[in-house]
Amino acid sequence: MAAAAASILRAALRRSRPTAAALLLHRPLPYSRSLPPLPSLGGASPLFPRVPGFARFGYSTVAEESTAPARPKGKARKNPMKQSHFDFTKVNAALLPTVILVGRPNVGKSALFNRFIRRREALVYNTPGDHVTRDIREGVAKLGDLRFRVLDSAGLETAATSGSILARTADMSGNVLARSQFAIFLIDVRDGLQPLDLEVGQWLRRHASGIHTIVAMNKSESLDEHGVLTAAAGEAHKLGFGDPVAISAETGLGMAELYEILRPLFEEHMFQLTNNGLNQDDPTSEAETEAHEGDESKLPLQLAIVGRPNVGKSTLLNTLLQEQRVLVGPEAGLTRDSIRAQFQFDNRTVYLVDTAGWMERSGKEKGPASLSVVQSRKNLMRAHIVALVLDGEKIAKSKSSMSHPEVVIARQAIEEGRGLLVIVNKMDLLRENRPLFDKVIDAVPKEIQTVIPQVTGIPVVFMSALEGRGRIAVMRQVIDTYEKWCLRLSTSRLNRWLRKVMSRHSWKDSATQPKVKYFTQVKARPPTFVAFMSGKVQLSDTDIRFLTKSLKEDFDIGGIPIRVVQRSIPRKETVKSNSRNTGPRINTRMRTDKRATVSEPTTS
């Protein structure tokens, strides 16, 4: 025990903690000339009572460590994390250990989640009187050479009234505990142990009796040099989950200590899976990528669900996943974080992203609402297919199918080259009024084509996410749009098509008719074509629209944006031959720069 305490004390000294070292080693503080002698932390005293577990926490007196050599300045400190005996990078993601982050509101769960996944995905905002996180967010964490699944839960309040948002988030967190093996219970060390922390601890013992719980004292960076962590650790023992660990999710303090705690637990968990005969290797990731390397349409697709607030986006995500994954309710603006989920459909991996309600930016958004708007726009840029959800009941009551924010969403998706799918939800509310039901089905596709003329044939699906009707139709339309978006056509096929198309196009003057040398596709996702021109005459906007329309009709790729670019091929320079040269004649092939002239691309 003394050796373990000595090693922890060395780590504390290397981190330059003068106050903690002075308390532990009876040294005078460097910034204080005279201080009264301090009692030993190992014995009982009125100021420093004996607290169990301090040996592991690193706050026991070790006099022999006073002669420890100081780390020379300028020398980089080595990584204190040891290497694990298990290679977690080769484990199937579904079999990785699962850790859930729990605690009362505003203790830093989302900040620790971002620290683990090494990305700023979860919204972090200091709102003591409100809850930023409301849904369960999932990601793959990286801590040294450890890999594990981490779940970010909403702040728990056990005194919430039944049916409220807080009560629903607590029920959702309780359901997620069934698929977790470990829990990190976060408390705010600056506020001390609050009565709500004790209630959350009782809730954990009641709902997660078989889960190994680790208490983490977050926000310890400001108290690291004031000797207050000892009293905080003593209070944390009242929770009954063993020795706490001091961390800082914002600065990364204490991640090495947390690694040393999690490493043996994860190794034991993986060894148990191996003994049970489960294959922990992940053969699907590399094998699937290699098998579909030539066919981009078989790769995993990203589907973003966007729309105005309270149109049923979260209900649609739960319906597609066939589980209560995100929080739903009649309240507008219930979703704040963009929740990402993965599922399989027809042997294809689909990543769903449920975004917050899209609102017009007035510049007056404050707090989490402003962050939600920015995050929704980022997820639209990352998606392959954008599913725009409309409210069928509001369409029946209003004179237009799409409001201004919805038109902005659709046009931005087209401009970014994403596939677009329109879903009209809440059609179950119009089933009793059959004439109105048929009127909505007939009017919506026509109006969409009017307000978004850049793309013809945008697919429209009518469904009821609450009842689950139309789920298969939505996914089949998503897959069909994605396959068109990934389509690749050979150059020979395109040039045979080009000869037929140019012959049936009516030109004003044959002398000024543009001469297309050949037509080819340079990329997919979205399909982009290049027309190489051999003359001085360029294709007009009307000609490009004609080619785009013919491409969609002849190859059945309507409903997605298509880009057509034209490039001029300069004439070959003539090579002057010397008439007096009696040697063999050599044909010289001049290289041409096909990228000499580039016109602006046209999106359709």
Side-chain angles (χ1 to χ4, degrees), residues 285-286 288-306 338 340-353 355 376-388 409-423 452 454-459 461 474-494 497 519-532 544-545 547-567 595 598-604:
S285 58
E286 297 181 0
E288 183 180 0
T289 304
E290 293 177 358
H292 303 320
E293 186 174 359
D295 190 0
E296 294 178 333
S297 63
K298 301 300 181 181
L299 294 175
L301 71 90
Q302 309 273 350
L303 174 61
I305 304 175
V306 299
S338 294
R340 178 186 174 95
Q342 176 185 352
F343 79 109
Q344 296 288 328
F345 182 81
D346 287 347
N347 297 325
R348 184 193 301 270
T349 302
V350 180
Y351 294 100
L352 286 174
V353 180
T355 63
S376 299
R377 282 167 169 78
K378 288 182 179 179
N379 283 280
L380 185 142
M381 308 285 284
R382 300 172 183 171
H384 299 154
I385 306 298
V386 176
L388 176 59
I409 297 173
R411 290 179 178 175
Q412 185 172 354
I414 296 300
E415 291 175 359
E416 295 296 332
R418 307 297 183 244
L420 181 63
L421 170 67
V422 178
I423 300 175
I452 312 175
Q454 299 94 330
V455 177
T456 59
I458 296 177
V461 180
V474 168
M475 288 309 304
R476 287 178 178 173
Q477 194 61 62
V478 168
I479 298 299
D480 181 65
T481 305
Y482 181 68
E483 290 178 349
K484 292 179 180 179
W485 192 64
C486 299
L487 179 66
R488 283 190 177 273
L489 300 173
S490 62
T491 303
S492 58
R493 186 180 178 185
L494 286 172
W497 163 84
F519 198 79
T520 185
Q521 182 179 358
V522 293
K523 68 179 290 293
R525 305 158 66 94
T528 303
F529 303 90
V530 177
F532 290 94
I544 293 178
R545 284 194 296 269
L547 292 176
T548 302
K549 182 180 179 180
S550 301
L551 278 170
K552 294 181 177 181
E553 294 177 353
D554 296 341
F555 295 106
D556 191 21
I557 51 177
I560 61 172
I562 294 178
R563 296 171 177 174
V564 177
V565 182
Q566 55 179 329
R567 293 176 180 171
R595 300 182 181 179
V598 181
S599 64
E600 294 294 330
T602 302
T603 303
S604 179

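Every value quoted in this text rests on a predicted model; they were computed, and no experiment measured them.
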When R563, Q566, K549 are each screened for side chain to side chain contact (heavy atoms under 4.5 Å, CB included) with I544, the one that passes is Q566

Which heavy atom in T349 sits nearest to a heavy atom in Q344, and how many Å separate them?
OG1-NE2, 2.9 Å

If every non-hydrogen atom of I452 is compared with every non-hydrogen atom of A410, which pair is closest and at what distance?
CD1-CB, 3.2 Å

Does L380 reach the side chain of V386, with side-chain heavy atoms less than 4.5 Å apart?
yes

Mind checking whether W485 and L420 have side chains closer than 4.5 Å, heavy atoms only?
no

For the atom pair CG (L487) and CZ (R525), what is the distance rounded to the nearest 0.5 Å?
12.5 Å

Salt bridge check: are D480 and R476 linked by an N-O gap of less than 4.0 Å?
no

Using side-chain heavy atoms (C-beta onward) and a distance below 4.5 Å, is V422 in contact with V461?
no

Out of T548, T520, V522, I562, which residue meets the side chain to side chain contact (heavy atoms under 4.5 Å, CB included) rule with F529?
I562

side-chain contact (heavy atoms from CB on, under 4.5 Å) between L421 and L388, worked out:
CA-CA 6 Å; L421 170 67; L388 176 59; over 6 Å; no

Measure the spacing between CD1 of I560 and NZ of K484 and express it to the nearest 0.5 Å.
7.5 Å

How far apart are the closest heavy atoms of V350 and M475, and which atoms are they?
CG2-CE, 4.2 Å

State the SG-CG distance between C486 and L299, to the nearest 0.5 angstrom.
7.5 Å

Under the side chain to side chain donor-acceptor pair (under 3.5 Å) test, which residues partner D554, sequence neighbours left out?
W497, R504

Closest heavy-atom pair and its distance - R488, A524
NH2-N, 3.7 Å

Salt-bridged, R348 to E483, with N to O below 4.0 Å?
yes

Walk me through it: do F519 and V530 pass the test side-chain contact (heavy atoms from CB on, under 4.5 Å)?
CA-CA 6 Å; F519 198 79; V530 177; over 6 Å; no

Applying side-chain contact (heavy atoms from CB on, under 4.5 Å) to I423 and V474, what does each step give before you reach the verdict?
CA-CA 8 Å; I423 300 175; V474 168; 3.8 Å; yes

Test side chain to side chain donor-acceptor pair (under 3.5 Å) applied to Q302 - qualifying residues, sequence neighbours left out:
R340

What are the two closest non-hydrogen atoms of Y482 and P300, and how far apart are they?
OH-O, 3.6 Å

Do F345 and I479 come within less than 4.5 Å of each other through their side chains, counting heavy atoms only?
yes

Minimum heavy-atom separation for T355 and I305, please, with both atom names.
OG1-O, 2.8 Å

Would you say that L551 contacts L494 through its side chain, given a criterion of any heavy-atom pair below 4.5 Å between the two side chains?
yes

Can H384 and R418 be counted as having a side-chain donor-acceptor contact under 3.5 angstrom?
no

So, the side chain of Q521 versus the backbone of L489: is there a donor-acceptor pair under 3.5 Å, distance only?
yes

